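Predicted, not measured: the structure shown is a model, and the values here were computed from it. In what follows, chains carry the letters A, B, and so on, assigned in the order in which the sequence lines appear, proteins first and then strands, with residues in each chain numbered from 1.
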Number of protein chains: 2
Amino acid sequence: MRIGELAERAGVSTRTLRYYESRGLLPARRAVNGYRVYGDEDLRLVAQIRTLQDFGFGLDETRPFVECLRAGHPHGDSCPASLDGYRRKIAELDALIGQLQSVRDQVTAELVRAEAELPGGPAPRCEMRG
Amino acid sequence: MRIGELAERAGVSTRTLRYYESRGLLPARRAVNGYRVYGDEDLRLVAQIRTLQDFGFGLDETRPFVECLRAGHPHGDSCPASLDGYRRKIAELDALIGQLQSVRDQVTAELVRAEAELPGGPAPRCEMRG
DNA sequence: CATTGCCTTCGCGCGGACGTCAACGTTTAG
DNA sequence: CTAAACGTTGACGTCCGCGCGAAGGCAATG
């Protein structure tokens with residue numbers, strides 16, 4: 001299989017595949033004429049990269065998974081390094097979520113304060129009846 | 001007050017102040033020689049921008065607050081448009097947090113599955129006795 | 001011969017908030 | 001008078017990751 005076919009089957013552009021190769025993922029054997037030659041396993045490899053990308057992994061972060069696959073393991077996450085990759089990403093996400101949550105709370109506090117200070121008088125959230 | 005003094009007092013660079021002006025925030029009067037001239041209210045204006053920036057507001061999103069201040073209101077968030085700005089940002093943050101949470105859960109599920117499939121056997125989270 | 005596919009390398013684009021430099025005018029202190 | 005310090009505009013560089021586009025040339029196939 002050459003680059004065009006792999007690109008079509010994987011649903012990415014040939015540019016993307018060459019880019020992956022330039023980044024050290026997805027190395028390709030070469031035919032005598034210099035054409036890149038791929039096997040079916042490379043399809044799974046690209047699929048693994050895309051999946052992780054969808055999770056917000058950077059290209060570099062997909063490396064352990066890719067190397068795990070290339071080492072012959074059944075899944076990209078069949079290796080300890082990949083699991084660590086998961087764990088790091090989860091920790092990263094938790095940290096980010098926490099920061100965003102904190103900002104969210106601060107902005108909400110500002111909103112509440114500003115609403116209370118409005119010259120038109122505070123807009124009550126609950127109906128006051130007497 | 002000229003640009004250097006305002007920059008120092010506000011804790012930003014002169015480049016930043018000129019940039020704000022170019023973006024339509026922070027318009028400056030000009031002296032006869034063409035120098036930008038600022039008043040004390042501009043200091044509060046810059047402070048308002050920085051505060052919002054810290055909350056993750058883009059420059060454009062600070063516009064209602066800035067115009068509110070320039071309209072003579074006591075705070076940048078003394079205007080309805082500013083409150084809407086707060087609300088939009090909160091909604092934005094909620095959406096983002098939700099997405100990240102979803103991704104986090106998916107990655108966690110992958111991690112759990114991969115751990116269970118490890119050739120070394122699943123690493124139990126709880127001791128099994130008996 | 002034409003078409004299609006592939007090869008390489010170089011450089012561009014995006015988006016936002018600036019940094020940095022150039023080349024020049026102004027003010028101020030010695 | 002001169003030099004430093006400050007001001008002006010304009011244009012380009014940076015960071016970040018993930019690519020895209022195009023030029024110029026070789027390979028395979030009809």
Has the side chain of [X] got a donor or acceptor atom that lies under 3.5 Å from a matching backbone atom of [Y]?
| X | Y | result |
| --- | --- | --- |
| B/Thr62 | B/Leu52 | no |
| B/Thr51 | B/Ala47 | yes |
| A/Asp105 | A/Ser102 | no |
| B/Glu61 | B/Gly58 | yes |

For this session: Summarise protein proximity over nucleotides 1-14 of chain D in one line of letters, 5' to 3': B for base, S for sugar-phosphate only, - for none, counting protein heavy atoms closer than 4.0 Å.
Result: -----BSBB-B---
Exercise. First contact, last contact: which nucleotides of DNA chain C are these for chain B, 5' to 3', heavy-atom distance under 4.0 Å?
Worked result: C/dA17 to C/dT27
Exercise. Looking at A/Arg87 and A/Glu92, does any basic side-chain N land under 4.0 Å from a carboxylate oxygen?
Worked result: no
Exercise. Between B/Arg113 and B/Glu117, is there a side-chain N and carboxylate O pair less than 4.0 Å apart?
Worked result: yes
Would you tabulate the nitrogen or oxygen pairs shorter than 3.5 Å linking the protein to nucleotides 16-18 of chain D?
unit_1 : atom_1 : unit_2  : atom_2 : d
D/dC18 : OP1    : A/Gln53 : OE1    : 3.1
D/dC18 : OP1    : A/Leu59 : N      : 3.4
D/dC18 : OP2    : A/Leu59 : N      : 3.2

Exercise. So, do B/Leu26 and B/Val66 sit near enough that their side-chain heavy atoms are less than 4.5 Å apart?
Worked result: no
Exercise. Is the NZ or CZ atom of A/Lys89 positioned over A/Phe55's six-membered ring, under 6.0 angstrom from the centre and within 45° of the axis?
Worked result: no
Problem set entry | Pair B/Arg104-A/Asp94, side-chain contact (heavy atoms from CB on, under 4.5 Å): steps then yes or no | CA-CA 8 Å; B/Arg104 195 218 107 102; A/Asp94 283 343; 2.7 Å; yes
Exercise. Can you tell which of B/Arg36, B/Arg29, B/Arg15 makes a salt bridge (charged side-chain N to carboxylate O under 4.0 Å, His left out) with B/Glu21?
Worked result: B/Arg36
